[in-house]
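Scroll down for the structure; my scribbles are underneath it.
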Amino acid sequence: MFDSVRDDIAATLDEIRAAGLHKPERVIGTPQSATVGVTAGGRPGDVLNFCANNYLGLADHPEVIAAAHEALDRWGYGMASVRFICGTQEVHKELEGRLSSFLGQEDTILYSSCFDANGGVFETLLGAEDAVISDALNHASIIDGIRLSKARRFRYANRDMADLEKQLKEATEGGARRKLVVTDGVFSMDGYVAPLADICDLAERYDAMVMVDDSHAVGFVGPGGRGTPELHGVMDRVDIITGTLGKALGGASGGYVAARAEIVALLRQRSRPYLFSNTLAPVIAAASLKVIDLLESAGELREQLAANTALFRSRMTEEGFDLLPGDHAIAPVMIGDAAVAGRMAELLLERGVYVIGFSYPVVPQGQARIRVQLSAAHSTEDVNRAVDAFVAVRGELA
C-alpha cells in the first residue's frame with residue numbers, strides 16, 4: 001500500500017531540499033557540553049557548541065551525573081507504569097515539592113515533556129464555553145495543546161498589549177465563562193521576553209487567568225533564576241507555569257505544570273498526557289533535585305552567562321551583523337535567505353563552531369536565521385572565537 005504514496009513523499013522531500021529547508025541531524029560522540037565531538041554529518045573532532053539549550057552548563061555537571069548514578073542504584077531504571085497505577089515514587093513527590101517552592105506556586109505535576117504538559121492543560125481546564133487568548137509567536141506545543149481543546153481561540157500580535165486587550169474584550173463580550181491568556185515567557189526563536197506585568201494587569205482587568213511557558217527562562221532569568229515571573233515581579237499573579245527539565249535544568253527530559261493547587265489537582269484526574277504516559281524516569285527526577293540544589297547557589301553561573309551573552313551581542317553588532325534586540329542568551333543572527341543560512345552554518349562548522357540555520361516552517365518565510373545560544377560553560381575565548389568565525393565565513397560567502 002505504501003508504494004502508492006512513496007513517490008509523493010519523495011517529491012515532497014526533494015522540494016524541501018531544493019528550497020534550502022532541509023534540516024540535517026548531526027551526530028555527536030561526546031556528552032553535551034560547551035565543546036562537543038561531531039562524528040557524522042559535519043566536521044570531525046571537537047567543535048564549540050553554540051546551539052544547545054544548556055544555558056548553565058549543567059548537562060555534564062559532575063554533581064548531577066553523580067546524583068543520577070546514585071538514583072539508578074536506589075530507584076532503578078524506569079517505572080513501567082503511569083502515575084496513578086504504580087508509577088509514583090518518593091523521588092517524584094519530592095521533585096514536585098521542590099519545584100513548587102522554587103517557582104512560588106502551590107503545587108506541581110510532572111510530565112514526560114513540556115510538550116506533553118502544554119498538551120494536557122487546555123483540554124482539561126477549558127470547554128466550549130471558554131476562551132483562550134494566545135500570543136501569535138507561542139511555541140508549537142501551546143498551539144497544538146489549544147487545538148485539542150474546544151475553547152474559542154483568540155490570538156494577539158506578539159507582545160502587543162493593545163491587541164491583547166482587544167481580544168480579551170471580544171472574549172468577554174462573547175460571554176466566555178473562563179478566559180486564559182497564554183504566552184511564552186521567552187520566545188524561543190527570537191529571544192524576546194514577554195511583558196508579564198502588563199499581561200497580568202490586563203488579565204486582572206478582564207477576570208482572566210494567566211499561563212506562562214517559561215522553558216527558556218527558569219534557572220537563569222530573574223535574580224534567583226526563577227524565570228520571567230520573578231524578573232517582572234509577578235510570581236504571585238501568574239496562575240500556571242509550564243516548563244521543562246530539558247534545558248537549563250540539566251538538559252535531560254521531562255516537563256511540569258506548576259500552578260494553583262486546584263488546577264494541579266484537576267490535571268491529575270483529567271489530563272490525558274499525564275494519565276496515559278509512563279512516569280518520568282526516577283533517574284531524571286533525582287538528578288533534577290540536585291540541579292535545583294545547584295540553582296539555589298548558581299549566582300556565578302548566571303553572571304557568567306550574562307557576561308557571555310553581552311560580549312557576543314556587542315561584538316556581533318560592532319561587526320555589522322543583524323541581531324534581534326535583547327539581552328537573552330538566545331541571540332538570533334538574521335540572514336533572511338534559508339539556503340544562505342544553511343550554507344553559513346556548514347561553513348561555521350568547518351571552522352569549529354557548531355550552530356544551526358533555522359528556516360521555514362520553524363520561522364516565517366524570509367526570516368531565516370542562525371540562532372546562537374550562549375552558555376555559562378563558554379569561556380570568553382570561546383565567544384570571541386565564534387564571532388571571528390562568523391566574520392570569516394561572511395567574507396567567504398561574499
Evaluate the side-chain contact (heavy atoms from CB on, under 4.5 Å) criterion for residues Met211 and Asp239: first the C-alpha distance (whole Å), next the side-chain angles of each, then the deciding distance (0.1 Å), finally the verdict.
CA-CA 6 Å; Met211 170 178 164; Asp239 301 290; over 6 Å; no

Kindly say whether Leu58 contributes a backbone atom to a donor-acceptor pair with the side chain of Asn54 at under 3.5 angstrom?
yes

Heavy-atom closest contact (Gly246 atom, Thr244 atom, distance):
N-OG1, 2.8 Å

Is there a side-chain contact (heavy atoms from CB on, under 4.5 Å) between Arg83 and His92 once you walk through the steps?
CA-CA 10 Å; Arg83 287 287 292 269; His92 297 107; 4.2 Å; yes

Looking at Ser271 and Gly120, would you say the former's side chain and the latter's main chain have a donor-acceptor pair under 3.5 Å?
yes

Quick one: does Phe122's side chain get under 4.5 Å of Leu180's, heavy atoms only?
yes

Out of curiosity, Leu196 CG to Thr183 OG1, how far, rounded to the nearest 0.5 Å?
6.5 Å

Tabulate below the donor-acceptor pairs under 3.5 Å that side-chain atoms of residues 136-144 make, not counting sequence neighbours, or state none.
from, atom 1, to, atom 2, distance (Å)
Asn138, OD1, Asp184, N, 2.8
Asn138, ND2, Ser134, OG, 2.8
Asn138, ND2, Asp135, O, 3.4
Asn138, ND2, Val182, O, 3.0
His139, ND1, Ser141, N, 3.0
His139, ND1, Ser141, OG, 2.8
Ser141, OG, Asn118, ND2, 2.9
Asp144, OD1, Arg147, NH1, 3.1

Without swapping roles, check the side chain of Thr279 against the backbone of Gly87 for a donor-acceptor pair under 3.5 Å.
yes

So, do Gln373 and Lys247 sit near enough that their side-chain heavy atoms are less than 4.5 Å apart?
no

Evaluation steps, side-chain contact (heavy atoms from CB on, under 4.5 Å), between Leu13 and Ile9:
CA-CA 6 Å; Leu13 290 170; Ile9 294 176; 4.3 Å; yes

Without hydrogens or angle criteria, can the side chains of Tyr111 and Thr242 be said to hold a donor-acceptor pair below 3.5 Å?
no

Just wondering, do Tyr206 and Val181 contact through their side chains at under 4.5 Å, heavy atoms?
no

Output yes when a side-chain donor or acceptor of Asp130 lies under 3.5 Å from a complementary backbone atom of Gly127, and no otherwise.
yes

Pair Glu165, Tyr156: side-chain N/O donor-acceptor within cut-off below 3.5 Å:
no

Considering all heavy atoms, the nearest Ala203-Leu168 contact:
N-CD1, 4.4 Å

Test your reading of the model: is there a side-chain donor-acceptor pair from Asp388 to the backbone of Arg385, 3.5 Å cut-off?
no

How about Phe321 and Ile370: do any of their side-chain heavy atoms sit closer than 4.5 Å?
no

According to a 4.5 Å side-chain heavy-atom criterion applied to Ile, Leu, Val, Met, Phe, Trp and Tyr, with indirect links allowed, do Leu348 and Val383 form part of one hydrophobic cluster?
yes

Could you go through Met209 and Arg260, starting from their C-alpha distance and side-chain angles, then the distance that decides it, and tell me whether this counts as side-chain contact (heavy atoms from CB on, under 4.5 Å)?
CA-CA 11 Å; Met209 296 180 290; Arg260 311 295 186 185; over 6 Å; no

Just by distance, do the side chain of Ser101 and the backbone of Gly97 share a donor-acceptor pair under 3.5 Å?
no

Interatomic spacing from CG in Asp207 to CZ in Arg205 - rounded to 0.5 Å
13.0 Å

May I ask you to decide if the ring planes of Phe312 and Phe390 are parallel, tilted or perpendicular, using 30° and 60° as cut-offs?
perpendicular

Under 3.5 Å donor-acceptor, Arg313 side chain and Leu324 backbone
yes

Say whether Val362 and Met334 are linked into one hydrophobic cluster, either directly or through other cluster members, by side-chain heavy-atom distances under 4.5 angstrom.
no

If I take atom CD1 from residue Ile356 and atom CD from residue Glu25, how far apart are they, to the nearest 0.5 angstrom?
9.5 Å

His328 ring center near Phe220 ring center (under 6.0 Å)
yes

Electrostatic pair Lys166-Asp163, nearest N-O below 4.0 angstrom
no

Are Phe276 and Val257 joined in one hydrophobic group, where the rule is that I, L, V, M, F, W and Y side chains link up if heavy atoms are under 4.5 Å apart?
yes

Please report the shortest heavy-atom distance between Arg177 and Leu125, naming the atom on each side.
NH2-O, 4.4 Å

If we ignore angles and hydrogens, is there a donor and acceptor under 3.5 Å between the side chains of Asp214 and Thr228?
yes

Are Leu110 and Leu267 connected in a single hydrophobic cluster, I mean Ile/Leu/Val/Met/Phe/Trp/Tyr linked by side-chain heavy atoms less than 4.5 Å apart?
no

More than 12 foreign heavy atoms under 6.0 Å from CG of Asp327: is that the case here?
no

Same apolar cluster: Trp75 and Ile85, side chain cutoff 4.5 Å
no

Would you say Arg153's side chain and Val132's backbone share a donor-acceptor pair under 3.5 angstrom?
no

Going by an N to O cut-off under 4.0 Å, is there a salt bridge joining Asp198 and Arg159?
no

Quick check against the 3.5 Å criterion: does Glu230 have a side-chain atom that pairs as donor or acceptor with the backbone of Gly224?
yes

Run the side-chain donor-acceptor check on residues 282-301: report pairs under 3.5 Å with partners two or more places apart or on a different chain.
from, atom 1, to, atom 2, distance (Å)
Ser288, OG, Ile284, O, 2.7
Asp293, OD1, Arg98, NH1, 3.2
Asp293, OD1, Arg98, NH2, 2.9

Distance in Å, Arg178 CZ paired with Glu129 CD, rounded so as to fall on 0.5 Å steps:
7.5 Å

Charged N-O contact under 4.0 Å between Lys93 and Glu96:
yes

His232 side chain near Val238 side chain, heavy-atom distance below 4.5 Å
no

Does anything in residues 59-71 form a side chain to side chain donor-acceptor pair (under 3.5 Å)? List the pairs, not counting sequence neighbours.
Ser33-Asp60

Quick one: does Arg155's side chain get under 4.5 Å of Gln167's, heavy atoms only?
no

To the nearest 0.5 Å, atom CE of Met79 lies from atom CD of Gln89 at 4.0 Å

Any chance you could measure Glu123, atom CD, to Lys150, atom NZ, to the nearest 0.5 Å?
8.5 Å

State whether the side chain of Ser81 and the backbone N or O of Asn278 hold a donor-acceptor pair below 3.5 Å, judged by distance alone.
no

Taking Glu318 first and then Arg315, would you say they form a salt bridge - that is, a charged N and a carboxylate O separated by under 4.0 Å?
no

Decide yes or no for Val264 and Glu106: does some side-chain heavy atom of the first lie under 4.5 Å from some side-chain heavy atom of the second?
no

Considering all heavy atoms, the nearest Arg6-Asp3 contact:
NH2-OD1, 3.1 Å

Minimum heavy-atom distance Asp116-Ser112, with the two atoms named:
OD2-OG, 2.6 Å

Note, Gln269 side chain near Phe84 side chain (heavy atom, < 4.5 Å):
no

What's the shortest heavy-atom distance between Leu126 and Ser149, and which atoms?
O-CB, 4.3 Å

